[in-house]
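Beneath this line is the structure, given in structure tokens, with notes to follow.
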Amino acid sequence: MPQSQQQSRILANDPLTAEVFRLTVYSPEIAVAAAPGQFVMVQVSSSLDPLLRRPFSIHSRGADGSISLLFKVVGRGTALLAKARPGDKIDLLGPFGRGFDLSAAEKPVCLIGGGMGIAPLLFLAQELPGRKHALLGARNRDELAPLAKFFADIGCAVQLATDDGSLGHHGFIPDLLDEVLPDVSQVCTCGPSPMMRGVARKCRAAEVSCQVSLETHMACGMGACLGCAVPGRDGSYVHVCKEGPVFNSEELPWEL
Amino acid sequence: MPQSQQQSRILANDPLTAEVFRLTVYSPEIAVAAAPGQFVMVQVSSSLDPLLRRPFSIHSRGADGSISLLFKVVGRGTALLAKARPGDKIDLLGPFGRGFDLSAAEKPVCLIGGGMGIAPLLFLAQELPGRKHALLGARNRDELAPLAKFFADIGCAVQLATDDGSLGHHGFIPDLLDEVLPDVSQVCTCGPSPMMRGVARKCRAAEVSCQVSLETHMACGMGACLGCAVPGRDGSYVHVCKEGPVFNSEELPWEL
Amino acid sequence: METLDLRVRIGALELQNPVLTASGTFGYAKEFEPFLNLNRLGGIIVKGISLEPRAGNPPPRIVETACGMLNAIGLENVGIERFISEKMPYLRTLTAPLIVNILGDSLDDYRELARRLDEVPGISGIEVNISCPNVKKGGVAFGAVPEMAAAVTAVVRGATRLPLIVKLSPNVTDITVMAKAVEAAGADAVSLINTLIGMAINAETRKPRLANIIGGLSGPAVKPIALRMVWQTAQAVQIPVIGIGGISTADDAVEFFLAGATAVQVGTANFYDPSAAEKIVAGLEEYLQRHNEERISTLIGALDTGGK
Amino acid sequence: METLDLRVRIGALELQNPVLTASGTFGYAKEFEPFLNLNRLGGIIVKGISLEPRAGNPPPRIVETACGMLNAIGLENVGIERFISEKMPYLRTLTAPLIVNILGDSLDDYRELARRLDEVPGISGIEVNISCPNVKKGGVAFGAVPEMAAAVTAVVRGATRLPLIVKLSPNVTDITVMAKAVEAAGADAVSLINTLIGMAINAETRKPRLANIIGGLSGPAVKPIALRMVWQTAQAVQIPVIGIGGISTADDAVEFFLAGATAVQVGTANFYDPSAAEKIVAGLEEYLQRHNEERISTLIGALDTGGK
Ligand SMILES: Cc1cc2nc3c(=O)[nH]c(=O)nc-3n(C[C@H](O)[C@H](O)[C@H](O)COP(=O)(O)OP(=O)(O)OC[C@H]3O[C@@H](n4cnc5c(N)ncnc54)[C@H](O)[C@@H]3O)c2cc1C
Ligand SMILES: Cc1cc2nc3c(=O)[nH]c(=O)nc-3n(C[C@H](O)[C@H](O)[C@H](O)COP(=O)(O)OP(=O)(O)OC[C@H]3O[C@@H](n4cnc5c(N)ncnc54)[C@H](O)[C@@H]3O)c2cc1C
Ligand SMILES: Cc1cc2nc3c(=O)[nH]c(=O)nc-3n(C[C@H](O)[C@H](O)[C@H](O)COP(=O)(O)O)c2cc1C
Ligand SMILES: Cc1cc2nc3c(=O)[nH]c(=O)nc-3n(C[C@H](O)[C@H](O)[C@H](O)COP(=O)(O)O)c2cc1C
Ligand code: FES
Ligand code: FES
């Protein structure tokens with residue numbers, strides 16, 4: 001999977017809510033090399049402030065050399081990204097990292113996403129050959145409904161949960177898991193850490209393999225700065241951009 | 001003339017050439033306080049890089065609370081300004097500095113501008129009651145023609161010069177001055193230093209008062225940083241933002 | 001909440017809030033009158049004053065750098081007598097406390113400046129700039145040698161009863177050594193940082209961008225360095241530490257309080273946002289409300305290092 | 001012009017051009033293979049290596065600041081033996097000269113590292129990082145005390161014939177004193193600057209943004225300070241000075257050459273533009289052509305100060 005730096009033309013930057021955008025760029029070299037769970041490093045400004053690129057998961061891949069990113073405005077970099085307009089160019093590096101490993105998936109796979117953690121799971125769903133189940137959660141209906149639709153559109157069985165009960169189950173995603181777990185051999189999850197820990201705990205109990213996708217601060221995305229370390233199992237550190245962002249939950253020192 | 005800080009709505013940002021723009025903003029507090037020769041400090045970016053505001057002369061004032069700036073893209077700040085679009089807001093401070101003094105103008109006034117030095121002279125021409133003559137110069141026809149038209153439109157007698165001879169006199173503005181000087185009591189000039197020195201020299205010989213508008217690096221525009229000093233006559237310094245930008249040429253230590 | 005309490009103490013001086021303006025970045029205050037309510041500020045520190053007027057350095061004196069600027073103003077100022085006769089009448093009309101920043105080439109200069117200011121009504125404190133080179137000692141900076149910094153502090157202390165702030169240079173190996181030296185010599189507070197020495201070159205013309213070749217770096221670029229020095233200094237001395245360096249928002253100011261600063265000064269930000277200092281006062285009130293705190297003083301040194 | 005000559009000399013080492021990559025910002029080079037032609041570079045300096053592997057600091061290890069970043073990686077590295085067995089085979093395939101950056105807690109560490117590297121084929125030079133605290137001497141930084149810096153330099157000099165670059169810390173009052181000390185102790189060149197110590201705090205959570213509390217500041221924000229130190233150092237020593245600090249364009253590099261640097265290192269810029277170093281090489285060629293110069297060496301120290 002060769003990586004590249006590509007000045008990518010913006011095809012669309014669609015607001016899904018006031019804060020969540022889907023950015024589609026023409027980036028054929030990155031698109032062709034990308035695998036689900038991998039991410040790109042995006043230059044959010046042509047000025048030196050903010051200085052560093054921002055990491056975003058690849059949300060989906062088009063047949064036409066395009067990729068989409070799903071992002072939420074949480075700070076200065078994402079605020080700048082929200083202003084990008086079709087026709088502008090944006091500098092992307094990637095694809096980076098170790099994506100989801102599905103070599104052993106025989107029975108259906110369950111995808112579990114919370115908030116912006118849903119982003120990489122759509123690409124994963126697109127690429128998975130067999131039956132797939134998606135448990136998706138977010139703060140409220142506004143945020144969740146447009147994302148849920150993407151999964152339904154490609155034939156996922158979708159179950160939803162919102163923090164405020166405005167759509168689907170009123171509560172957290174792991175609540176929905178018990179029902180689904182007996183039918184799956186593989187869980188892939190991305191979202192807030194407490195959610196992923198809850199999921200990993202249930203998977204361990206049910207002896208189902210669980211892959212989790214982590215987020216952390218990154219300067220380079222390519223294994224050069226060693227800034228993205230998080231504690232690994234044996235007291236040492238693992239690097240999210242290189243050994244991750246997707247880990248088998250057993251590789252992490254999560255008190256389960 | 002009270003100064004103010006005003007988030008000003010951009011009404012238009014018209015490219016006059018590939019590099020020269022006329023930016024019109026709705027800034028009624030600054031507009032009402034402004035006098036010809038004064039300038040505003042413009043925040044060119046919402047990020048911290050570039051950090052400092054950029055000074056621009058007030059190019060014209062509309063009856064409707066608007067002012068226009070005329071600027072050329074020469075670096076990062078002006079490149080950002082060129083991207084400003086109608087509807088955007090831009091933070092302006094001003095009006096600053098000592099403008100042209102016309103209290104003593106009895107006979108017609110001659111305005112002499114070179115390049116972007118033409119900018120403040122249009123506002124001056126608008127405000128001058130009597131007959132006025134404008135000698136305007138620039139690199140070539142592309143740059144000069146649209147500016148010349150602004151002056152003709154408000155009834156100035158206009159003479160032109162271009163470096164490449166593509167419009168008007170082939171050569172420098174001071175060449176045109178001899179003819180005009182006998183008819184004027186006051187010269188107001190803004191442009192490259194060599195041009196202004198040439199003009200000042202001829203004015204002195206003809207005993208015509210000459211006001212020159214200077215440019216220098218500025219951090220604050222309001223007399224606080226003392227960064228805008230240039231040599232004054234007596235070995236000390238004058239501050240362009242406060243004692244200027246318009247000086248009587250006799251205040252400056254120009255070897256005439 | 002009507003009970004918000006932003007007051008802090010710098011020696012005998014009580015400030016209504018901890019936001020001051022930094023010397024050399026706020027002129028003589030009047031320049032900023034159109035842009036903010038000067039009396040909302042915790043205090044005003046004016047451009048450094050010397051015994052005699054100084055013309056300053058030749059231009060160019062300033063240049064923009066990445067998220068910062070270099071200045072080589074050369075300490076241009078009107079001199080103590082014109083300051084008193086021309087600037088003090090206006091400054092006396094303000095209710096915000098006035099702190100006068102002084103600079104000299106010799107101990108005698110500093111003594112004389114302090115003595116003279118001690119007689120002038122309307123001055124709430126003196127800030128001593130020790131970053132200038134000592135002309136008599138061959139240009140060695142007072143601010144880089146603890147003994148010399150202590151000597152300056154002691155002569156000023158001996159010449160005035162006004163609250164005395166000593167402003168420290170960051171261009172040293174260990175700023176806490178300097179802070180301790182001036183504390184022992186009688187300073188009521190230290191303020192830091194002054195500018196970092198820097199340089200910029202025009203690659204095309206191959207000339208320095210400042211006529212003086214080197215200048216002082218300030219602005220957001222230096223904030224991490226300033227914050228670290230404030231944190232180290234606050235742990236090393238008993239007297240209040242006043243934080244300076246790249247502060248342009250209330251959040252920036254809070255960072256300095258958490259690191260141990262009792263007050264802050266707003267410098268370069270005044271240039272790009274002349275209402276910055278007042279916005280910071282308002283922003284601190286908003287911060288306290290949001291965090292359900294009544295007093296700014298609870299933030300001072302409240303950095304949560306998890307026991308480290 | 002086919003005759004463009006970008007070659008420079010660092011002691012016995014001739015570089016095809018003066019653009020190197022800075023330690024800790026370029027991994028072990030392989031990471032950058034997709035983004036630039038590694039063999040176009042003047043040289044490659046790899047992440048600092050210690051005798052034993054180091055796990056580094058807990059996260060968060062990095063935080064963005066205004067036009068810069070703070071890092072507290074904690075010198076994580078694979079250790080000398082794994083470096084030699086795992087990283088050298090790839091690095092040996094490159095034609096660009098390889099310089100290995102080393103760090104230790106004691107003089108013995110440095111001696112042993114140099115001795116070991118001296119035996120390894122494919123290494124063109126050693127860069128000694130003296131910014132780490134000396135564990136044995138109670139954490140006093142080698143890089144802040146001239147005698148200790150000289151001692152490190154001398155033991156490394158005694159243990160290897162490889163060209164020896166000593167990398168200086170900017171967190172000192174007078175960097176020229178450090179430079180002269182290591183020059184006298186046998187360094188073939190000095191490189192500067194390493195990172196400036198800084199800090200950042202999350203105002204909302206009241207916690208340091210780095211688990212280590214303090215970290216090293218790098219990036220465009222520090223360029224003016226680095227350039228000033230290079231200029232001062234180039235005037236103080238006879239050996240080549242390698243400029244580092246905020247360099248991200250060819251113009252930045254030219255500024256450092258004019259200030260007296262013989263070569264430059266590209267650091268933080270590699271993160272936000274992984275092809276930066278190669279673009280700088282191309283930009284320097286373009287600069288020479290535009291200025292009708294044949295040799296990069298004519299730029300070195302060519303700052304036009306108008307006789308000052
Ligand atoms: C591998 C990876 C994949 C990601 N994929 C997506 C995605 O698909 N969609 C999406 O919306 N976001 C994603 N993120 C998070 C995204 O990178 C951050 O939201 C973004 O960098 C914030 O930039 P900012 O300038 O807007 O915020 P800043 O102003 O830098 O910070 C705002 C807030 O976000 C936090 N933050 C900053 N960077 C990160 C980070 N890297 N991880 C977690 N928190 C951070 C800060 O601590 C702060 O609280 C991903 C992160 C990683 C590491
Ligand atoms: C009182 C005053 C009025 C001005 N009025 C106008 C105007 O009406 N129209 C217009 O186009 N320009 C005007 N200028 C010049 C304008 O301020 C600069 O062109 C602008 O600041 C350049 O910003 P930049 O970021 O694009 O360039 P930078 O990247 O900062 O610099 C690009 C080049 O411009 C030079 N430069 C930067 N600032 C100045 C400055 N203040 N004066 C002269 N050269 C500078 C730099 O040295 C460099 O060579 C005025 C300047 C002053 C002081
Ligand atoms: C243009 C300018 C002039 C300054 N003049 C003085 C001065 O006269 N006396 C002094 O003690 N500090 C002076 N300073 C330093 C500032 O007071 C302040 O310490 C420094 O700029 C760092 O703060 P900042 O990053 O907020 O600007 C000056 C700074 C600037 C930018
Ligand atoms: C993430 C990171 C890791 C670094 N690791 C090292 C190191 O291991 N050894 C060393 O000598 N310098 C190290 N440095 C310092 C750089 O080599 C360089 O001196 C400094 O970053 C200034 O240059 P810059 O502004 O171009 O980044 C590191 C810098 C960064 C940002
Ligand atoms: S982000 Fe730089 S090593 Fe992972
Ligand atoms: S620009 Fe600040 S004093 Fe003139």
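Chain naming here is simple, since letters A, B, ... match the order of the sequence lines and numbering starts at 1 in each.
Side-chain contact of C:Glu127 with C:Ser23: a donor-acceptor pair under 3.5 Å is absent, judged by distance alone. No side-chain donor-acceptor contact under 3.5 Å links B:Gln5 and B:Glu29. Side chains of B:Asp142 and B:Thr17: no donor on one and acceptor on the other come within 3.5 Å.
The candidate with the highest count of non-hydrogen atom pairs below 4.5 Å against chain B, out of C:Gly68, C:Pro59, C:Ala269, is C:Pro59. Heavy-atom pairs under 4.5 Å with chain C were tallied for B:Pro231, B:Cys220, B:Ala224, B:Gly223; the largest tally goes to B:Ala224. In terms of non-hydrogen atom pairs under 4.5 Å with chain B, the most contact-rich of C:Gly56, C:Gly74, C:Pro34, C:Gly24 is C:Pro34.
Residues C:Ile62 and C:Leu70 are not in side-chain contact: their nearest non-hydrogen atoms beyond the backbone lie 4.5 Å or more apart. The shortest side-chain heavy-atom distance between B:Cys210 and B:Val212 falls under the 4.5 Å cut-off.
Contacts of B:Ser4 with chain C are made by backbone atoms alone, with heavy-atom separations under 4.5 Å and no side-chain atom involved. Within the 4.5 angstrom heavy-atom criterion, no atom of C:Lys30 approaches chain B. Of the atoms belonging to B:Met218, it is backbone heavy atoms, and not side-chain ones, that fall under 4.5 Å from chain C.
Of all residues in residues 45-74 of chain B, those placing a non-hydrogen atom less than 4.5 angstrom from a non-hydrogen atom of chain C are B:Leu48, B:Asp49, B:Pro50, B:Leu51, B:Leu52, B:Arg53, B:Arg54.
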Kindly indicate, with the supporting measurements, whether the criterion side-chain hydrogen bond (donor to acceptor under 3.5 Å, both in side chains) is fulfilled by C:Asn194 and C:Ser169.
CA-CA 5 Å; C:Asn194 212 317; C:Ser169 162; over 6 Å; no
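Scored by the salt bridge (Lys or Arg N to Asp or Glu O under 4.0 Å) test, C:Asp109 finds no partners at all (sequence neighbours excluded).
Few gaps surround CZ on C:Arg40; more than 12 heavy atoms of other groups in view lie less than 6.0 Å from it.
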